[in-house]
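Down below is the structure, laid out as structure tokens.
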There are 2 protein chains.
Amino acid sequence: MNKDTFTGEYRYALDAKGRVNIPAPFRKVLSPENENTVVITRGQDPTIWVYPALEWQVIENRLRELSALSPLNRSFIRTMTRWATPVTLDKQGRIQLTSDLIQYANLEKDVVIVGVINKMEIWNPARLEQVSAEIPQSDSEEFNNLAQSIII
Amino acid sequence: MNKDTFTGEYRYALDAKGRVNIPAPFRKVLSPENENTVVITRGQDPTIWVYPALEWQVIENRLRELSALSPLNRSFIRTMTRWATPVTLDKQGRIQLTSDLIQYANLEKDVVIVGVINKMEIWNPARLEQVSAEIPQSDSEEFNNLAQSIII
DNA sequence: TAATGTTGTGGGGAGATGTGGGTAATTTCC
DNA sequence: GGAAATTACCCACATCTCCCCACAACATTA
């Protein structure tokens with residue numbers, strides 16, 4: 001099985017302390033070098049992105065190359081890092097979310113965790129449906145072009 | 001976890017003596033070679049920049065390489081070094097700010113500390129929101145290009 | 001069916017963390 | 001040199017966070 005590659009969708013409950021389970025199949029492919037640590041941050045959609053620690057370091061290294069002299073770069077670095085928090089899985093395989101991220105993703109009790117190859121996304125189920133409906137789907141030309149460029 | 005690399009955002013209170021807490025997660029990644037010492041100085045935005053002592057030495061070396069012959073270089077070197085003050089964390093993990101820097105960053109009781117990879121920034125919360133709103137964001141082409149080249 | 005392990009969810013308690021204040025040492029100014 | 005002000009270091013304590021244990025539901029195997 002591919003290491004650090006996540007696919008599939010799972011439903012869990014966010015508990016009163018703001019903890020959420022990482023799906024057992026995802027825990028199994030999370031490579032040991034991550035030391036049970038992931039980085040949670042704001043996604044581009046209203047969702048929480050969950051990167052394996054190693055994968056996030058790639059982003060960090062790229063950010064480090066950017067000079068802080070340009071205002072645009074400073075702002076970009078800040079928006080990227082501002083919401084990023086490393087968290088470690090507890091003995092039960094859960095992570096603790098920050099209240100800001102819970103708010104940002106509109107999470108309530110029930111959440112959906114989706115594997116999107118190199119990271120996971122934590123969604124409010126209703127929001128996920130909403131966004132999925134808005135975005136062009138299989139009937140759109142763009143979607144077909146993408147599909148043709150990747151599927152073999 | 002990456003040493004001397006800071007991400008995330010934390011809220012603290014500046015006390016009557018001008019002291020602020022360094023977020024516990026940041027203290028944990030601050031490598032021992034820094035000997036609990038950081039350098040605080042004026043940021044390019046209205047914020048206080050906080051460098052680990054080691055990282056500041058890298059900056060100093062770069063400044064040293066800049067020729068002092070050009071007036072522009074002299075001015076740049078002067079503004080970077082003029083306000084730079086090394087401070088040591090106390091037993092509780094706080095640092096003492098200088099009144100000049102507090103004024104420069106418009107700090108009042110509540111402050112926000114943001115990790116931006118190689119340093120931290122101490123902000124007046126209102127100022128941070130203001131600057132974030134001013135700078136071209138997702139609607140700017142340049143910003144999107146940066147995002148596409150870095151986000152994975 | 002019984003036994004055993006895995007998974008998801010809840011909660012309690014020890015230790016860490018954030019914040020205020022006090023006292024002694026040091027500096028500043030006349 | 002001495003008084004006043006500032007700084008540096010230490011202690012106190014309420015709150016919160018993280019780590020551990022518990023347990024029910026389900027799956028797996030003997």
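It should be emphasised that the depicted structure is a prediction, and the values quoted were computed from it without experimental measurement. The figures that follow rest on heavy atoms only: side chains count, while hydrogens, waters and symmetry mates do not. Chain naming here is simple, since letters A, B, ... match the order of the sequence lines and numbering starts at 1 in each.
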How would you give the extent of chain A contacts on DNA chain D, as first and last nucleotide 5' to 3' within a 4.0 Å heavy-atom cut-off?
D:dC18 to D:dA22

How does protein reach along nucleotides 14-27 of chain C, written 5' to 3' as B (base within reach of a heavy atom under 4.0 Å), S (only sugar-phosphate), or - (no contact)?
---SBBBBB-----

Scan for salt bridge (charged side-chain N to carboxylate O under 4.0 Å, His left out) pairs involving residues 8-23 of chain B, sequence neighbours excluded, and state none if there are none.
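As it turns out, the salt bridge (charged side-chain N to carboxylate O under 4.0 Å, His left out) pairs with a partner in residues 8-23 of chain B, which skip direct neighbours, are A:Arg82-B:Glu9, B:Glu9-B:Arg11, B:Asp15-B:Arg19, B:Asp15-B:Arg94.
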
Given DNA chain D, 5'-ward residue of the pair A:Gln96 and A:Lys91, judged by closest heavy atom:
A:Gln96

Please list, one pair per line, the donor and acceptor atoms closer than 3.5 Å that link side chains of residues 105-117 of chain A to other protein atoms, with sequence neighbours excluded.
none

Return the set of residues passing side chain to side chain contact (heavy atoms under 4.5 Å, CB included) with A:Ser70 (not counting sequence neighbours), or none when no residue passes.
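Counting only residues at least two positions away or on another chain, A:Ser70 forms a side chain to side chain contact (heavy atoms under 4.5 Å, CB included) with A:Leu72, A:Asn73.
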
Go through the steps to decide whether B:Ser31 and B:Asp4 satisfy the test side-chain hydrogen bond (donor to acceptor under 3.5 Å, both in side chains), and finish with yes or no.
CA-CA 6 Å; B:Ser31 58; B:Asp4 296 328; 2.7 Å; yes

Compare every heavy atom of B:Asn34 with every heavy atom of B:Ala53, then report the nearest pair and how far apart it is.
N-OD1, 3.2 Å

Report yes or no: does B:Ser132 contribute a side-chain atom to a donor-acceptor pair with the main-chain N or O of B:Leu128 at less than 3.5 Å?
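The answer is yes, because a donor-acceptor pair under 3.5 Å joins these two groups.
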
Could you tell me which residues satisfy ring-ring contact (aromatic ring centres under 6.0 Å, His included) with B:Tyr104, sequence neighbours excluded, listed by chain and number?
none

Parallel, tilted or perpendicular: which fits the ring planes of A:Tyr51 and A:Trp56, with parallel below 30° and perpendicular above 60°?
tilted

